[in-house]
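Quick notes on the structure that follows.
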There are 2 protein chains.
Amino acid sequence: MAKSFVTSIDVAERAGVSRSAVSRTFTAGASVSPDVRQRVLKAAQELGYRVNRLAQTLNTSSSNLVGVVGANLSSPFIAKQLDMLSLGLLRRGQQCLLLNAADARSDIAPLIELIFEFRARAIVVLSGEPPASIVDECLANGVKLIVINRLMTRPDTDVILSDDILGARLAAERLLAARCRKVAVVCSGSLTPTQVRRATTFSDVVREHGGAVVRWSEGPTAYETGVAAAHALLADEQIDGAFCVTDLMALGFLDAARHDLQRSVPDDLSVIGFDDIPQSAWKAYDLTTVGQSFSVLTDAVLAALDHDDGEVSTQMVPVTLIERGTVHK
Amino acid sequence: MAKSFVTSIDVAERAGVSRSAVSRTFTAGASVSPDVRQRVLKAAQELGYRVNRLAQTLNTSSSNLVGVVGANLSSPFIAKQLDMLSLGLLRRGQQCLLLNAADARSDIAPLIELIFEFRARAIVVLSGEPPASIVDECLANGVKLIVINRLMTRPDTDVILSDDILGARLAAERLLAARCRKVAVVCSGSLTPTQVRRATTFSDVVREHGGAVVRWSEGPTAYETGVAAAHALLADEQIDGAFCVTDLMALGFLDAARHDLQRSVPDDLSVIGFDDIPQSAWKAYDLTTVGQSFSVLTDAVLAALDHDDGEVSTQMVPVTLIERGTVHK
DNA sequence: GTGAAAGCGCTAACAG
DNA sequence: CTGTTAGCGCTTTCAC
């Protein structure tokens with residue numbers, strides 16, 4: 001029982017060729033005679049040889065490792081993104097080094113530095129915003145940096161944004177069309193740029209049309225926060241509509257409104273969410289929401305990964321209003 | 001703008017010391033004078049030096065990379081496991097190489113081989129079962145293999161199992177106590193060992209006590225499968241209880257029963273799930289279920305990771321019946 | 001097409 | 001405590 005892996009030199013000996021020949025056999029588009037190739041492959045097979053990516057990366061200095069950092073990996077929205085992203089990366093022959101940022105407010109800089117140490121070729125930030133120093137470091141070392149849903153204030157980073165402005169506008173217009181007069185807008189306490197954009201746009205539109213707006217922003221971005229918001233806000237019986245900037249919070253809001261506060265949705269109260277997570281389509285909720293396509297989002301990330309040199313892009317992920325059953329007709 | 005990373009030799013030059021000194025500075029428990037240490041640290045800081053883990057691993061031949069393979073990363077149960085596991089690994093200074101297995105039936109062998117190439121020290125399999133050849137390879141190369149919820153037929157692998165037998169028994173007894181006479185047991189089409197164990201144990205216990213059992217096993221392990229099962233099974237009005245071997249399916253079953261088929265739960269029909277995913281506690285469901293503690297499960301994995309040499313263990317994750325509102329009193 | 005040799009960035013023995 | 005010297009396993013010129 002060997003404790004260490006088989007090396008190319010073992011294979012070379014067994015096949016009666018040089019190490020170079022082995023290397024060439026496992027390098028796409030190298031020139032090896034079919035004969036040698038077969039012998040090497042056979043020996044490798046018998047010995048259980050696996051190329052050592054570490055050594056390989058060391059002198060080609062181009063790993064196919066992509067660092068992914070995110071928080072709340074088990075929240076439906078992030079989990080879905082991670083699922084699709086990791087699958088996409090795998091399909092493209094890239095590996096995913098996953099760093100869990102514990103919670104949304106934790107500093108992601110140390111995690112990104114860890115990624116540097118593995119010489120990843122790119123970094124995808126699903127949640128949180130990398131500090132300027134990190135961005136500089138990526139730039140200096142030729143590491144692609146892709147940030148999702150954070151409006152970076154610098155033009156040298158790839159940014160993927162959901163169309164929050166349009167989404168919030170659609171939500172506002174839909175609630176106005178349902179004749180809501182006093183609406184709640186629910187954010188979490190971690191006022192991310194995305195949440196702020198959604199909330200303020202929504203509020204502006206509603207006010208423009210003469211509606212009243214009450215705002216909540218406390219707690220984590222979670223189901224429970226929606227519950228808490230409903231309890232606090234719906235004491236005011238005049239509120240007849242709510243826009244939760246996240247589906248997860250919308251589901252909590254909805255549940256509390258219906259089950260704790262005996263509000264009838266959508267007759268009595270209309271609710272709209274944002275994101276279109278899988279649970280929103282479940283029959284118990286049937287939540288009307290602003291949807292962003294996960295596959296478009298993932299494709300945007302993968303596309304940004306491709307822009308191998310220099311060029312930086314800002315991509316907007318389109319949104320649509322998904323009419324379901326939580327808004328009065 | 002440098003395209004490549006700063007190396008230890010750059011730092012050494014700037015600090016006016018040898019490469020070894022630099023290496024020692026970044027190695028825990030090495031002997032460097034405070035003076036040299038400071039100079040190195042300063043130079044490293046100014047240059048933006050990061051140890052190259054690849055090179056480091058190459059000659060210490062002990063990476064702190066742990067490969068994680070799983071399918072359905074966005075399903076609540078797996079997502080939660082992955083969340084906690086990646087966090088735990090990070091806390092212990094280990095990195096997580098994530099491989100997404102596309103779907104539950106896909107062959108995970110190629111993914112594990114990929115992990116080998118990165119010389120990970122351990123592999124955690126969240127879903128799917130590695131073929132024997134892979135197990136041998138792990139053994140031969142000193143790679144720790146940890147498998148969750150698959151009863152491996154070989155004694156040389158670390159296995160973490162939820163206590164399916166007890167869980168199924170608890171579910172059966174609870175349903176019998178609720179005076180159910182004819183019960184449905186819902187599995188997915190991917191009859192994993194875990195699902196089979198839960199279903200057969202449950203059926204046995206119910207039958208022992210004179211109850212009738214109808215079984216469903218089709219489709220993926222998903223919400224929609226629960227919906228489909230309810231539609232198919234509840235045509236039989238005599239069915240007054242259901243055990244879904246997975247919470248996710250239980251939620252679909254529950255929704256379809258209530259919203260499509262106008263069954264009143266728990267008056268008319270009692271439902272029990274298994275896993276205790278976060279959504280089961282949501283007010284719209286309030287699902288009675290057999291819970292396994294995610295933190296116990298994660299701790300078991302991390303503990304198994306620690307057993308660095310040789311010893312292999314089978315750990316059983318305890319389960320408890322979580323009484324909520326979907327079973328008749 | 002093939003082998004010899006140099007080197008990727010680092011650590012670990014070994015002298016001093 | 002420090003620098004010098006070998007490698008870790010691989011790829012890649014460069015001659016042949």
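Letters A, B, ... are given to chains in the order of the sequence lines, protein chains preceding strands, and every chain is numbered from 1. If you're wondering where the values come from, they're calculated on a predicted model, not measured in any experiment.
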List the atom pairs, donor and acceptor, that lie under 3.5 Å between side-chain atoms in residues 20-33 of chain B and the rest of the protein, sequence neighbours left out.
from	atom 1	to	atom 2	distance (Å)
Thr25(B)	OG1	Ala21(B)	O	2.7
Thr27(B)	OG1	Ser23(B)	O	2.7
Ser33(B)	OG	Val36(B)	N	3.2

Nearest 0.5 Å please: distance from the [atom1] atom of [X] over to the [atom2] atom of [Y].
X         : Y         : atom1 : atom2 : answer
Ile148(A) : Glu129(A) : CD1   : CD    : 13.0 Å
Leu126(A) : Leu85(A)  : CG    : CG    : 6.5 Å
Gln292(B) : Leu161(B) : CD    : CG    : 10.0 Å
Ile123(B) : Lys144(B) : CD1   : NZ    : 12.5 Å

End-to-end axis angle, where each axis spans five pairs of the helix from dG1(C)-dC16(D) to dG16(C)-dC1(D), to 10°:
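Its terminal axes enclose an angle near 30°.
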All salt bridge (Lys or Arg N to Asp or Glu O under 4.0 Å) counterparts of Glu46(A), not counting sequence neighbours
Arg14(A), Lys42(A)
What is the 5' to 3' range of DNA chain C, first to last nucleotide, that sits under 4.0 Å from any heavy atom of chain A?
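Endpoints of the contacted stretch of DNA chain C: dG1(C) to dG9(C).
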List the residues meeting side chain to side chain donor-acceptor pair (under 3.5 Å) with Ser293(A), not counting sequence neighbours, and say none if there are none.
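Listed in chain order: Ser295(A).
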Could you work out, with side chain to side chain donor-acceptor pair (under 3.5 Å) as the rule, every residue matching Asn72(B), not counting sequence neighbours?
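Asn72(B) satisfies side chain to side chain donor-acceptor pair (under 3.5 Å) with no other residue.
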Assign each of Val6(A) and Ala21(B) to its nearest nucleotide of DNA chain D by heavy atoms, then name whichever residue's nucleotide is nearer the 5' end.
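Per heavy-atom nearest nucleotide, the more 5' residue is Ala21(B).
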Does the side chain of Asp158(B) reach to within under 4.5 Å of the side chain of Gln315(B), using non-hydrogen atoms?
no
Would you indicate whether the side-chain heavy atoms of Val124(A) and Val69(A) approach each other to under 4.5 Å?
no
Tell me which residues in residues 54-62 of chain A lie within less than 4.0 Å of DNA chain C, going by non-hydrogen atoms.
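Those residues are Leu58(A), Asn59(A).
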What parts of residues 23-35 of chain A reach DNA chain C, counting only heavy atoms under 4.0 Å away?
Arg24(A), Ser31(A), Val32(A), Ser33(A)
Which is the 5'-most and which the 3'-most nucleotide of DNA chain D that has an atom under 4.0 Å from a heavy atom of chain B?
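Boundary nucleotides touching chain B, in 5' to 3' order, are dC1(D) to dG9(D).
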Ser188(B) and Ser190(B): side-chain donor and acceptor closer than 3.5 Å?
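Per modelled atom types, Ser188(B) and Ser190(B) side chains form a pair under 3.5 Å.
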Between Arg154(B) and Asp136(B), does any NZ, NE, NH1 or NH2 come within less than 4.0 Å of an OD or OE carboxylate oxygen?
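Looking at Arg154(B) together with Asp136(B), the answer is yes, because their closest N to O distance falls below 4.0 Å.
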Give a yes or no on whether a salt bridge exists between Lys80(B) and Asp275(B), defined as a side-chain N under 4.0 angstrom from a carboxylate O.
no
May I ask you to say what Val22(A) touches in the nucleic acid, namely base, sugar-phosphate or nothing, with a heavy-atom cut-off under 4.0 Å?
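Answer is nothing: Val22(A) stays at 4.0 Å or more from every strand.
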Quick check: does any side chain N or O of Ser127(B) sit under 3.5 Å from a backbone N or O of Ala71(B), one acting as donor and the other as acceptor?
yes
So, Asp83(A) side chain and Ala79(A) main chain: donor-acceptor pair closer than 3.5 Å or not?
no
Using residues 107-116 of chain A as the side-chain source, report each donor-acceptor pair under 3.5 Å to any protein atom, sequence neighbours left out, with the distance given to one decimal.
from	atom 1	to	atom 2	distance (Å)
Asp107(A)	OD1	Ala109(A)	N	3.1
Glu113(A)	OE2	Arg50(B)	NH2	3.4

Heavy-atom contacts under 4.0 Å between residues 10-19 of chain B and DNA chain D, which residues?
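Those residues whose heavy atoms fall under 4.0 Å from DNA chain D, taken from residues 10-19 of chain B in numerical order, are Val17(B), Ser18(B), Arg19(B).
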I need the full list of ring-ring contact (aromatic ring centres under 6.0 Å, His included) pairs touching residues 53-99 of chain A, with sequence neighbours left out, sorted by first then second residue.
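The answer is Phe77(A)-Phe294(A).
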